[in-house]
Amino acid sequence: MLRMSTLFLRTLRDDPADAEVASHRLLVRAGYVRRIAAGIYSWLPLGYITLRNIERVIREEMDAAGFQEVHFPALLPVDAYQQTNRVTEYGPNLFRLKDRKGGDYLLAPTHEEMFTLMVKSEYSSYKDLPLSLYQIQTKYRDEARPRSGIIRGREFVMKDSYSFDLTDQGLEESYNKHRDAYIKTFDRLGMRYNIVSAMSGAMGGSRSEEFLAPCPTGEDTYVLCESCGYAANVEAMKTVIGHADSSATPALKVVDTPNTPTIDSLVNVLNEKFGGGYTGADTLKNVLLVADGKNIAVLVPGDREVDLKRLEANLPGVLEIRLFEDADFAKNPGLVKGYVGPQDAKKFGLTVYADPRIAPGTSWVTGANKKDSHALNVVVGRDFTIDEYVESAEVRAGDACPDCATPVVIDRAIEIGHIFQLGRMYAQALDLTVLDSDGKPRVVTMGSYGIGVSRAVAAIAEQTHDEIGLCWPAEIAPAKVHIVATGKDDNPFNVAEDLASQIEKLGLSVMLDDRRDASPGVKFKDAELIGVPIIVIVGKALVEGNVEVRVRRTGERSEVRLADAASEVVKLLS
RNA sequence: CGGGGCGUAGCGUAGUGGCUAGCGCGCCUGCUUUGGGAGCAGGAGACCGGAGGUUCGAAUCCUCUCGCCCCGACCA
């Protein structure tokens, strides 16, 4: 039983000056956490109980799925991370240190290497697979900018799992098992979330999804179709390729468009000279880039920008992309800045990538590769060819859902989980093989799966709080019931004490406000701030033999007979 | 790393060259009070982030430095 008279807790009347987002503000005010340094927090009793409740739920679901818990050190020698090149990849985000002998160590940002090596050292047969291991561990990342309290910290608690399979199909099954376990976990944690397609990135994986908890203070932007539920990372958003009939389109025609190096200036001149209500969307923007030293053109409708992050994510194998600079134009005199068109791409040695909106048969206004002139009626497939379609245009709210064509919305969210088919990259780098039934060694294929545990505390606080305080789902609240005793004589305190132990006997955790010196107002405010789901007030109503039962979330209040209080609480919590 | 803001008691803050750094909350003592952050009286608590400088005199001006928050880049 948590007794407020002795609980190590000091709630704050004012918002802390250095906290802006609700979860941070309230977790500090209600005495759950305290900041030690940027992105580094201490957990006070209430916070630590809440954190451990989340861990418990996760553990129960992981165990139920048949995954086995292990535990690695956070402090590790760098060797394995060097072999997988992650020391370089993480760069300054990696916390590094030396021991007294000058040996290189790091504080682990995540543990793929160690799990891979552990399995390698214990197992060597296909008969041992599939296998899924997990741990709940403190991770360290020296973030360039920690922010939003414990949403993005430099030290944080993460549940990370890894699956090991012989075959791609096995990986798919392990992945789906984790996906199901995550759904159960987040449902129990009382979170609202969307499962969002993500890019697997350059790590060679094939499938990846993020669990995103929608919330205005979230730092992830994603696309959501409110009609069919399609959800995707901006990078992973798909655009449906259409087709157009170009048989009636007149022949390509080059026209003078003096002084029109930008889309806006071009549209103005077109409408002045030809009328017809041209818009940026009728023009074709040719963005020239250098991808790993090779010149490429990316075509997008004139009213959209190229989203470099999307482009990069969708061009696997390409390491570095940059925009054309003046020096590049100087080296390629045929490419006239502001008047580039794809018609002569072959001549210029350009590989032409295009957004799917530049569909076969569609007709565009684009540069004529000559200063101050553009070409009209430039038809895809007739007047130029596209080497490859690639998702590259910026995504906007209102774009068509790839599944049902409904306009999508763009929303913000906190990433609370990420599941990821890693494939064989780590196993390859660290030489994790098992002998197959034919006696030949096979490289194991892996998945990695993460839940931000400490972040979940903040994410849940963000999603559930109201103006007066925190408001936890029962499963993770620091107590199920908060009993407040008020009055000046002993009776309500004795009654509250009895009621508390009665409720505890029913298996519900109780917080009891047994402070004799605090005024009722203070106790009510504290109870609301702390956010335990059921608040029972033992006080004034006692003269009629009643206590007041309040539901924190709804504010609903009712008076019940003292004798019925415990069963009423049980009923409200079920 | 670029841009912006801020460091004064546990928390929130006032104080822009001049007396002993002020107030509210919280904390301690006493009395009163006890259903919405009680009242009165008394009290403890601050090397004004740090270093250096200017000045008869610096929380206040200057230089450097450390830290924190926000936006972006980055990360996921």
Side-chain angles (χ1 to χ4, degrees), chain A residues 8-21 24-25 28-31 34-41 44 86 89-94 109-110 139-149 151-154 156 158 160 196 198-201 203 208-213 217-222 233-235 308-309 312-313 413-420 448 450-452 455 459 468-469 484-493 513 515-530 535-543 546-548 550 555 557 559:
Chain A
F8 184 58
L9 170 72
R10 195 99 307 158
T11 58
L12 304 177
R13 211 172 271 228
D14 302 306
D15 284 336
D18 62 357
E20 296 226 333
V21 302
H24 187 198
R25 239 176 44 228
V28 171
R29 265 193 67 199
R34 291 287 182 261
R35 191 181 62 75
I36 296 296
I40 302 178
Y41 288 82
L44 276 57
R86 288 226 287 182
E89 236 166 67
Y90 266 97
N93 276 359
L94 199 62
T110 172
K139 309 286 186 195
Y140 297 86
R141 295 182 192 173
D142 195 359
E143 296 281 352
R145 183 151 97 82
R147 71 184 89 177
S148 309
I151 293 176
R152 174 178 294 280
R154 293 191 293 169
F156 57 97
M158 177 167 154
D160 48 330
V196 170
M199 297 301 300
S200 42
M203 303 228 293
S208 166
E209 288 167 295
E210 289 173 1
F211 287 71
L212 297 186
T217 50
E219 46 181 354
D220 283 273
T221 307
Y222 73 108
N233 243 353
V234 168
E235 284 81 20
L308 283 177
K309 271 178 93 173
E312 220 168 323
I414 301 171
E415 180 185 344
I416 47 169
H418 195 162
I419 54 177
F420 188 21
S448 89
I451 293 178
R455 174 180 281 185
I468 56 175
V484 175
T486 68
K488 48 183 162 202
D489 43 53
D490 291 344
N491 188 242
F493 289 86
D513 198 339
R515 291 175 293 179
R516 297 298 289 253
D517 49 354
S519 73
V522 168
K523 294 178 184 179
F524 297 156
K525 291 284 187 204
D526 275 348
E528 284 151 359
L529 181 60
I530 289 167
I535 300 168
V536 178
I537 296 153
V538 182
K540 225 169 51 176
L542 215 49
V543 290
N546 291 342
V547 296
E548 185 181 326
R550 296 184 187 174
R557 305 173 177 200
E559 288 205 354

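Chain letters run A, B, ... following the sequence lines, proteins first, then strands; residues in each count from 1. What's counted below: heavy atoms across the whole structure, side chains too, no hydrogens, waters or symmetry copies.
Lys488(A) has a side-chain polar atom (N or O) that falls below the 4.0 Å cut-off from OP1 or OP2 of U34(B). OP1 and OP2 of U34(B) both lie 4.0 Å or more from every side-chain N or O belonging to Ser519(A).
Nucleotides U8(B) and A14(B) are separated by 10 Å at their C1' atoms, to the nearest Å. Comparing G57(B) with C19(B), their C1' atoms sit 12 Å apart, to the nearest whole Å. With both ends at atom P, the span from A51(B) to U60(B) equals 12 Å, rounded to whole Å. Separation of the C1' atoms belonging to G50(B) and C27(B) is 28 Å when rounded to the nearest angstrom. Of the C1' atoms belonging to C28(B) and C66(B), the separation is 35 Å, rounded to the nearest Å. G42(B) and C6(B) have their P atoms separated by 37 Å, given to the nearest Å. C62(B) and U16(B) are spaced 14 Å apart, taking the C1' atom of each and rounding to whole Å. Here the separation of G15(B) from A21(B), taken at their C1' atoms, is 8 Å to the nearest Å.
When the salt bridge (charged side-chain N to carboxylate O under 4.0 Å, His left out) test is applied to Arg515(A), the partners found at least two apart in sequence or on another chain are Asp513(A), Asp526(A). For Phe493(A), the side-chain contact (heavy atoms from CB on, under 4.5 Å) partners at least two apart in sequence or on another chain are Ala485(A), Arg516(A), Lys523(A). Applying the salt bridge (charged side-chain N to carboxylate O under 4.0 Å, His left out) rule to Glu20(A) yields no partners; only residues at least two apart in sequence or on another chain are considered. With sequence neighbours excluded, no residue forms a ring-ring contact (aromatic ring centres under 6.0 Å, His included) with Phe156(A). Residues forming a salt bridge (charged side-chain N to carboxylate O under 4.0 Å, His left out) with Lys525(A) (at least two apart in sequence, or on another chain): none. Applying the side-chain contact (heavy atoms from CB on, under 4.5 Å) rule to Ala37(A) yields the partners Ile40(A), Arg154(A); only residues at least two apart in sequence or on another chain are considered. Every residue meeting the side-chain contact (heavy atoms from CB on, under 4.5 Å) condition with Asn491(A), not counting sequence neighbours, appears here in chain and number order: Asp489(A), Val495(A), Leu542(A). In this structure, Arg10(A) has no side-chain contact (heavy atoms from CB on, under 4.5 Å) partners at least two apart in sequence or on a different chain.
Taking atom CZ on Arg25(A) and atom C1' on C69(B), their separation rounds to 14 Å, with Å as the unit. Atom-to-atom, CD of Glu20(A) to P of C71(B) comes out at 7 Å; the value is rounded to the nearest Å. Taking atom CD1 of residue Ile468(A) and atom P of nucleotide G36(B), one finds them 15 Å apart after rounding to whole Å. Here the C1' atom of nucleotide U33(B) and the CG atom of Asp489(A) are 14 Å apart, to the nearest Å. The CZ atom of Phe524(A) sits 10 Å away from the C1' atom of U34(B) (whole-angstrom rounding). Nucleotide U34(B) holds its P atom 18 Å from the CG atom of Asp513(A), rounded to whole Å. Here G26(B) presents its C1' atom at 15 Å from CG of Leu529(A), a figure rounded to the nearest Å. Atom C1' of nucleotide A38(B) and atom NZ of Lys523(A) are separated by 13 Å, given to the nearest angstrom.
Both His24(A) and Asp526(A) sit near RNA chain B, but only Asp526(A) has its closest nucleotide nearer the 5' end.
At a threshold of 4.5 Å between non-hydrogen side-chain atoms, the residues Arg550(A) and Glu528(A) count as touching. Looking only at side-chain heavy atoms (C-beta outward), Arg455(A) and Ile414(A) come within less than 4.5 Å of each other. For the pair Val484(A) and Ile535(A), the minimum side-chain heavy-atom distance is below 4.5 Å. For the pair Ser208(A)/Ile419(A), no side-chain contact is recorded, criterion being any heavy-atom separation below 4.5 Å from C-beta on. The shortest distance between side-chain heavy atoms of Glu219(A) and Arg147(A) falls below 4.5 Å. A 4.5 Å side-chain heavy-atom check between Thr110(A) and Tyr140(A) finds every atom pair outside the cut-off.
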Which atoms of nucleotides 74-76 of chain B (N or O only) lie under 3.5 Å from a protein N or O atom, and what are those distances?
| residue | atom | partner | partner atom | Å |
| --- | --- | --- | --- | --- |
| C74(B) | N4 | Arg147(A) | NH2 | 3.0 |
| C75(B) | O2 | Arg152(A) | NE | 3.4 |
| C75(B) | O2 | Arg152(A) | NH1 | 2.4 |
| C75(B) | O2 | Arg152(A) | NH2 | 2.6 |
| C75(B) | N3 | Arg152(A) | NH2 | 3.4 |
| A76(B) | O2' | Glu415(A) | OE1 | 2.8 |
| A76(B) | O2' | Glu415(A) | OE2 | 3.1 |
| A76(B) | N6 | Lys309(A) | NZ | 3.4 |
| A76(B) | N1 | Asp220(A) | OD1 | 2.9 |
| A76(B) | N3 | Asp220(A) | OD1 | 3.3 |

Using a cut-off of under 3.5 Å, enumerate the N/O to N/O pairs linking the protein to nucleotides 3-6 of chain B.
none

Identify all pairs in which a protein N or O lies below 3.5 Å from an N or O of nucleotides 7-15 of chain B, and state each distance.
| residue | atom | partner | partner atom | Å |
| --- | --- | --- | --- | --- |
| G12(B) | OP1 | Ala17(A) | N | 2.8 |

Working for side chain to side chain donor-acceptor pair (under 3.5 Å), residues His24(A) and Ser148(A): CA-CA 7 Å; His24(A) 187 198; Ser148(A) 309; over 6 Å; no
Which nucleotides of RNA chain B pair, in dot-bracket form (Watson-Crick or G-U under 3.5 Å, | meaning another strand): ((((((((.[[[[.)..(...]]]].((((((.....)))))).....[[[[[..)....]]]]])))))))....
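Contacts of Arg557(A) with the nucleic acid, taken as non-hydrogen atoms under 4.0 Å apart, include base atoms. Using a 4.0 Å heavy-atom distance criterion, Thr110(A) is classed as making no nucleic acid contact. Counting any heavy atom pair closer than 4.0 Å across all strands shown, Ala19(A) reaches no nucleic acid atom.
No side-chain donor-acceptor contact under 3.5 Å links Arg29(A) to the backbone of Asp15(A).
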